[in-house]
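Worksheet: the structure to be examined is printed underneath.
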Amino acid sequence: MTEHDHTDCRDLLGSLSDYVDGSLGDQLCLEIERHMSECQNCRIVVDTLRKTISLYHQTAAPADVPAGVRERLFRTLNLEDYPG
Amino acid sequence: MTETTNAPISLEALHAGDRHEFTRLVDSHSPAIYRLALKMLGNPQDAEDVLQNTFLKALQHIGGFEGRSSLSTWLYRIAANEALMLMRRQRPEVSISDTVPDDEEPLEAPAQFADWCCLPEEELLSDEARAHLDQAIRHLPEKLRIVFLLRDIEGLSIQETSQALDLSETAVKTRLLRARLRLREILSTYYGKRLKVRSLEND
Ligand SMILES: [Zn+2]
């Protein structure tokens, strides 16, 4: 049990999305956490994967459609511009 | 029409051909559709084409929409199809069966192990970094890209994403994981460099 086993790293790769989304079963979570406590690379992969997703969430703020784009869209659809 | 602005869109009214209700649909959903198209295609002209075609098709087909998914999932579905069709017209060599990577292929093992989580927020989300985030998305093969955009940018659930793309939930999960892992690699290369620059500056 002392040797670091790289097949473990590969095995847990497939569960990482579910793990960071919090949709993985307890048993598998425990296995991943046990492995991460012994494997720095996997810990970094999980941390940076989480951070990657959260950065994209932060850049996803809804932006308005530019006025010109909206205007042409309404014209294409033959819609009147109702107020409000 | 004063208090109706925030009321849920009425499918009945849409089916009855109510133009005002359709206008509300356009105004409430066009920002998300436009954003999806922009991130998928990377240029405003194409994004505008997709936006227009999406709502033209919606107008044509609303009569046949039975509400089995939500209206917004249905619109995302149309928009995703329009975006993929446009990309295939522009690059006809990308076939529908698609090049990259088969869902059955083994996952690519991570290769970047820089721990850049500790970089300060203003560095992680600087203008340059944001441009890099967008660019990284466009490095994804399109069938991974669309899954990532719907799930992680637009915030659809796995189930909604599978409805919008006509894929099994298993396929959605596999592609999402591949997309996320690839983006993590790209961002790790970029932020790993920032990390080195900072440590040099601090020496
Ligand atoms: Zn490991």
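Only this structure's heavy atoms are used, side chains among them; waters, hydrogens and symmetry mates stay out. A, B, ... follow the sequence lines: proteins, then strands. Residue 1 opens every chain.
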Within a strict 4.5 Å, meaning less than it, do heavy atoms of the [X] and [Y] side chains meet?
{"X": "B:Leu181", "Y": "A:Leu13", "answer": "yes"}
{"X": "A:Thr76", "Y": "B:Phe55", "answer": "no"}
{"X": "B:Cys117", "Y": "A:Arg50", "answer": "no"}
{"X": "B:Tyr191", "Y": "A:Leu55", "answer": "yes"}
{"X": "B:Leu187", "Y": "A:Thr48", "answer": "no"}

Quick one: [atom1] on [X] to [atom2] on [Y], what's the gap to the nearest 0.5 Å?
{"X": "A:Lys51", "Y": "B:Leu124", "atom1": "NZ", "atom2": "CG", "answer": "5.5 Å"}
{"X": "A:Ser17", "Y": "B:Leu107", "atom1": "OG", "atom2": "CG", "answer": "9.5 Å"}
{"X": "A:Ser15", "Y": "B:Leu177", "atom1": "OG", "atom2": "CG", "answer": "8.5 Å"}
{"X": "A:Leu73", "Y": "B:Glu48", "atom1": "CG", "atom2": "CD", "answer": "8.0 Å"}

Does any heavy atom of chain A fall under 4.5 Å from the side chain of [X], the backbone, both, or neither of them?
{"X": "B:Glu121", "value": "side chain"}
{"X": "B:Leu51", "value": "both"}
{"X": "B:Ile186", "value": "neither"}
{"X": "B:Leu125", "value": "side chain"}
{"X": "B:Ile137", "value": "both"}
{"X": "B:Arg180", "value": "both"}

[X] and [Y]: which non-hydrogen atoms are nearest, and at how many Å?
{"X": "B:Lys39", "Y": "A:Thr59", "result": "NZ-O, 4.2 Å"}
{"X": "A:Phe74", "Y": "B:Val26", "result": "CE1-CG1, 3.9 Å"}
{"X": "B:Phe113", "Y": "A:Ile44", "result": "O-CD1, 3.4 Å"}

- request: Using a cut-off of under 4.5 Å on heavy-atom pairs, state which of B:Tyr34, B:Phe148, B:Trp116 scores highest against chain A.
  value: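 Between B:Tyr34, B:Phe148, B:Trp116, the count favours B:Trp116.
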
Taking NZ, NE, NH1 and NH2 as the nitrogens, is one of them in [X] or [Y] under 4.0 Å from a carboxylate oxygen of the other?
{"X": "A:Glu80", "Y": "B:Arg19", "result": "no"}
{"X": "A:Asp47", "Y": "B:Arg184", "result": "no"}
{"X": "A:Arg70", "Y": "B:Asp27", "result": "yes"}

task: Among A:Asp64, A:Asp18, A:Ile53, A:Asn78, single out the residue with the greatest number of heavy-atom pairs under 4.5 Å to chain B.
output: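 Between A:Asp64, A:Asp18, A:Ile53, A:Asn78, the count favours A:Ile53.
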
